[in-house]
Every structure is written in C-alpha cells, then in structure tokens.
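Data first, discussion second: the structure below is written as structure tokens.
Each residue takes its place number in the sequence, starting with 1.
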Amino acid sequence: MTSFATASRHIANLLRWGVVVIALTLTILIPVMHFNLERHFIAGILATLSEYSAKQIMEKVIARNPTLWSYEDPRFVGLLRREALGRQVRQAVYKQDGTLLIALGRHPDPPTIKERAPLFDAGVPVGYLETSASLEPTLRISLTIALFMALGGSIAILLFDVFPLRQLRRAESRIHYLAEHDPLTGLLNRYVVEPRFEQEMHRAERYGLQLSLILFDIDHFKRINDCFGHTKGDAVLRQLSLLAERHIRSSDTLVRWGGEEFLVISTHTDLTMAREQAEKLRRIVERADFGIGQKVTISLGVSTCEPRSSLQTCVDRADAALYRAKCEGHNRCALALPEDCEQ
C-alpha cells in the first residue's frame with residue numbers, strides 16, 4: 001500500500017506538471033501562430049499590391065516617357081495606395097541606387113513588414129517600389145490573446161488543483177493512512193514501527209538514554225469473542241486502544257501489534273519506569289467498564305532495549321515476559337529476565 005501511495009503521489013505530480021506545461025504551451029503557441037498567420041497574410045496582400053502598383057508605374061509612367069520618368073513625380077501619385085483592406089500602408093518609389101523619388105503615406109510604426117517589386121525600363125532595372133505596413137496592431141492582438149490564454153490557463157490550473165487534484169490528494173492521504181494504521185483501532189500497525197524504533201534507538205544511543213518496550217494483550221480474548229460475538233470483541237479492542245492511547249505519554253508510540261496484542265515504545269524510560277507505566281495501564285484497564293458485564297484485564301511484558309538491539313530482539317524479550325505473566329495467572333506485569341536475552 002505504501003508503494004501504491006507513492007505511485008499515486010507521482011501520478012498527481014505528473015498530472016499537475018502536465019496541466020502546467022499544456023497551459024504554458026498553449027499560452028505561447030496560439031499567439032505565435034496567430035501572429036505568424038497574420039504576418040503571412042499581410043505579406044501576401046503587400047506583395048500583390050506592390051506588383052500591381054509596379055506594373056501600373058511601368059505602363060503609365062516609364063513606358064510613356066522613359067528618359068524623364070524619374071522626374072515626373074505627380075504622375076506617380078494616382079498610382080500609389082495609402083491603404084489596403086483598411087490597413088494603412090506606405091508606398092515609396094526608389095531609384096536603382098536607393099535614392100527616394102516619392103513616397104505616399106507615413107512611416108509605419110515598428111514592427112514593420114516590407115515587400116518590394118522591381119521597376120524595369122525596356123528590360124533594364126531602373127528602380128523598385130517598396131510597400132510597407134505596420135505589424136503593431138497584429139502584435140497587440142496577439143499579446144491580448146496571450147494574456148487571455150494565460151488567464152484561462154491559470155484558471156484551468158487552479159480548477160484542476162482544486163477539484164480533481166485535490167480529490168487525488170485526499171485519496172493519496174487516505175491510502176497513506178491505511179498503509180500505516182490499523183483500520184479497526186486507528187493505531188499505527190506493525191509494518192511502520194521499525195523505522196520509528198530505529199530512530200528512537202539512535203536517539204537513545206546518542207544521548208545516553210534508555211528505551212523500553214511494553215507488550216500486552218487481552219486476557220482470554222477468545223472467550224470474549226465466543227461469548228459475546230466478534231462485534232463486541234471489536235468494540236473491546238477499540239475501547240482498549242482509546243484507553244491506552246489516552247494514558248500513555250505523548251512521546252511514546254502505541255501500536256496494534258496484531259490480534260489482541262499491543263506494543264508501546266516508551267522513550268527515555270528504564271526498566272523500573274516502564275514497569276510503573278505498565279502497572280498503571282493494567283489498573284486502568286481492570287477498572288474500566290467495557291459494557292460486556294464482566295471485567296476485561298490485560299497481561300503485560302516489559303523489556304529494556306540494549307544498545308544496537310534490533311526491534312525483533314527487544315520484542316522477543318518482551319514477549320517472553322508476557323508469556324511468563326500469563327503463566328503466573330494473567331492480569332499482571334512481568335519483566336524480561338537476563339536469560340530471555342540469552343535465549
């Protein structure tokens with residue numbers, strides 16, 4: 001389940017970044033495509049206009065007076081255009097050496113686009129006609145589209161983060177919780193205890209502290225299930241876990257070890273202190289009313305953890321002490337003995 005939770009977290013991150021990348025791509029790509037399409041469209045219009053105007057100049061000006069055509073400026077005016085399809089343009093006639101003869105229309109605001117058409121006199125190039133227009137309106141529209149795309153992308157990312165991604169996070173949190181907790185009691189399960197135990201063991205070794213374990217289970221729990229049913233048995237387990245969780249220290253860790261067995265990792269605690277905690281818990285449980293018309297008791301085994309001991313070693317010692325407590329009559333606490341460690 002932990003690996004599944006990790007996988008779902010990776011999926012959530014991939015989806016989040018996927019939406020961000022798509023939004024950024026569209027925000028950049030669509031305005032750029034719009035600008036390029038408009039630029040090519042305007043370039044086509046200007047090229048057509050330049051060719052048409054150049055043809056008119058060669059027919060009506062150059063061909064009629066080939067030696068004086070460059071000086072008869074008024075004859076150009078009626079052949080040049082100030083706009084095309086509602087867009088302001090500038091048309092200028094230049095000599096072959098680049099000298100301006102006449103221009104109609106003001107210089108366009110940058111960015112600009114220009115198209116040239118050559119002028120020939122009896123097949124000899126004598127100049128050219130330049131038609132130019134401003135791309136500033138197109139650029140302004142493209143930037144407006146980019147702004148709206150960015151706004152729309154931000155809203156899309158926000159909505160994705162608020163709805164599907166939040167639901168995915170909730171599912172991920174739920175899976176992570178189920179992977180670490182017992183579904184009946186809500187306590188930590190045994191599969192996540194070892195990292196915590198190792199962390200506490202390293203802390204104890206570093207600062208010269210004691211670390212103890214208390215392992216306990218319900219006396220004659222099978223009899224409770226047989227007499228009152230498994231529903232009542234589950235209720236007893238839940239109530240016992242609440243009692244134990246309420247009366248252990250906040251620095252300690254309570255774990256459902258399995259079945260009716262529970263484990264307490266007691267930090268900064270030597271064997272005497274752990275025994276006092278165990279006795280206190282035993283008396284609390286003995287006095288509690290579990291709603292089944294009879295007392296519920298627990299037996300407990302207590303052990304201290306030697307430096308660099310593994311969790312399994314310490315649990316085995318506590319389990320041996322618990323077994324001794326049951327053999328001695330139940331509803332009592334027993335301490336781990338040196339021979340338990342040797343065994």
Side-chain angles (χ1 to χ4, degrees), residues 174 177-193 196-197 200 210-304 311 314-336:
R174 181 62 178 167
Y177 178 86
L178 291 175
E180 294 188 344
H181 292 78
D182 170 56
L184 178 64
T185 62
L187 300 178
L188 291 174
N189 59 39
R190 65 186 302 168
Y191 302 107
V192 295
V193 174
R196 295 200 177 199
F197 174 82
E200 294 299 337
Q210 292 280 329
L211 182 65
S212 298
L213 297 185
I214 303 172
L215 184 67
F216 65 92
D217 71 359
I218 302 173
D219 295 329
H220 310 296
F221 184 68
K222 184 177 184 302
R223 188 184 305 169
I224 295 174
N225 278 331
D226 292 341
C227 294
F228 302 100
H230 288 278
T231 301
K232 281 291 186 182
D234 290 346
V236 169
L237 287 172
R238 284 193 292 267
Q239 185 174 346
L240 175 61
S241 66
L242 290 173
L243 275 174
E245 196 171 28
R246 192 180 305 130
H247 289 92
I248 66 171
R249 299 174 306 179
S250 59
S251 60
D252 296 343
T253 302
L254 177 62
V255 181
R256 186 180 181 190
W257 193 245
E260 68 273 20
E261 275 192 329
F262 296 83
L263 178 70
V264 179
I265 301 176
S266 190
T267 59
H268 311 167
T269 306
D270 57 21
L271 191 60
T272 302
M273 296 168 61
R275 180 178 184 178
E276 292 175 356
Q277 290 181 7
E279 278 293 334
K280 175 184 175 183
L281 184 58
R282 184 192 64 80
R283 291 192 298 267
I284 290 170
V285 173
E286 185 181 25
R287 292 194 297 264
D289 180 11
F290 285 83
I292 60 174
Q294 68 178 47
K295 285 186 176 182
V296 174
T297 61
I298 59 174
S299 297
L300 307 95
V302 181
S303 71
T304 54
L311 174 63
C314 296
V315 170
D316 287 344
R317 297 186 67 229
D319 189 51
L322 173 60
Y323 179 75
R324 191 179 307 110
K326 288 185 173 293
C327 291
E328 292 173 359
H330 300 89
N331 191 22
R332 63 191 61 220
C333 172
L335 303 180

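Proximity of L215 to L213: side-chain heavy atoms (C-beta onward) are nowhere separated by under 4.5 Å. For the pair Q239 and V296, the minimum side-chain heavy-atom distance is 4.5 Å or more.
Residues satisfying the salt bridge (charged side-chain N to carboxylate O under 4.0 Å, His left out) criterion with R238, sequence neighbours excluded, are absent altogether. With sequence neighbours left out, F216 forms a ring-ring contact (aromatic ring centres under 6.0 Å, His included) with F262. With sequence neighbours excluded, the residues that form a salt bridge (charged side-chain N to carboxylate O under 4.0 Å, His left out) with K326 are D217, D219. Taking H181 as the reference, Y177 meet the ring-ring contact (aromatic ring centres under 6.0 Å, His included) condition, with sequence neighbours excluded. Every residue meeting the side-chain hydrogen bond (donor to acceptor under 3.5 Å, both in side chains) condition with T185, not counting sequence neighbours, appears here in chain and number order: D182. With sequence neighbours excluded, the residues forming a salt bridge (charged side-chain N to carboxylate O under 4.0 Å, His left out) with R282 are E279, E286, listed by chain and number.
In plain terms, the two heavy atoms of A336 and A321 that are nearest each other are N-CB, 3.6 Å. The two residues L240 and F290 have their closest heavy-atom pair at N-CE2, 3.8 Å. The minimum heavy-atom distance linking V302 with A274 is given by the pair CG1-CB, 3.5 Å. Scanning both residues, L243 and A288, for their nearest heavy atoms gives CD1-CB, 3.5 Å.
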Determine whether R249 and T267 satisfy the following criterion, side chain to side chain contact (heavy atoms under 4.5 Å, CB included), listing intermediate values before the conclusion. CA-CA 9 Å; R249 299 174 306 179; T267 59; 4.2 Å; yes
Can H268 and S251 be said to form a side chain to side chain contact (heavy atoms under 4.5 Å, CB included), step by step? CA-CA 9 Å; H268 311 167; S251 60; 5.7 Å; no
Please walk me through it: do T253 and V193 pass side chain to side chain contact (heavy atoms under 4.5 Å, CB included)? CA-CA 9 Å; T253 302; V193 174; 5.9 Å; no
Apply the test side chain to side chain contact (heavy atoms under 4.5 Å, CB included) to residues Q294 and I224: give CA-CA distance (whole Å), side-chain angles for both, the deciding distance (0.1 Å), then the verdict. CA-CA 10 Å; Q294 68 178 47; I224 295 174; 4.3 Å; yes
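One distance of note links CG of L187 with CG of L254; it measures 4.5 Å at 0.5 Å rounding. Distance check, rounded to the nearest 0.5 Å: CZ of R256 to CG of L184 gives 5.0 Å. To the nearest 0.5 Å, the span separating OG1 on T304 from CG on L211 amounts to 9.0 Å. To the nearest 0.5 Å, the span separating CD1 on I218 from CD on E261 amounts to 10.5 Å. Here L281 contributes atom CG and C333 contributes atom SG; the two are 9.5 Å apart, rounded to the nearest 0.5 Å. How far CD1 of I284 is from CD1 of I248: 11.0 Å, rounded to the nearest 0.5 Å.
With 3.5 Å as the limit, one finds no donor-acceptor pair spanning the side chains of R275 and S212.
Around the OH atom of Y323, the shell of radius 6.0 Å holds no more than 12 heavy atoms that belong to other residues, nucleotides or ligands. Heavy atoms from other residues, nucleotides or ligands lying under 6.0 Å from CZ of R223 number 12 at most.
The backbone N or O of S266 sits nowhere less than 3.5 Å from a side-chain atom of Q210 that would complete a donor-acceptor pair. Checked by atom type and distance alone, the side chain of S303 pairs as donor or acceptor with a backbone atom of C314 at under 3.5 Å.
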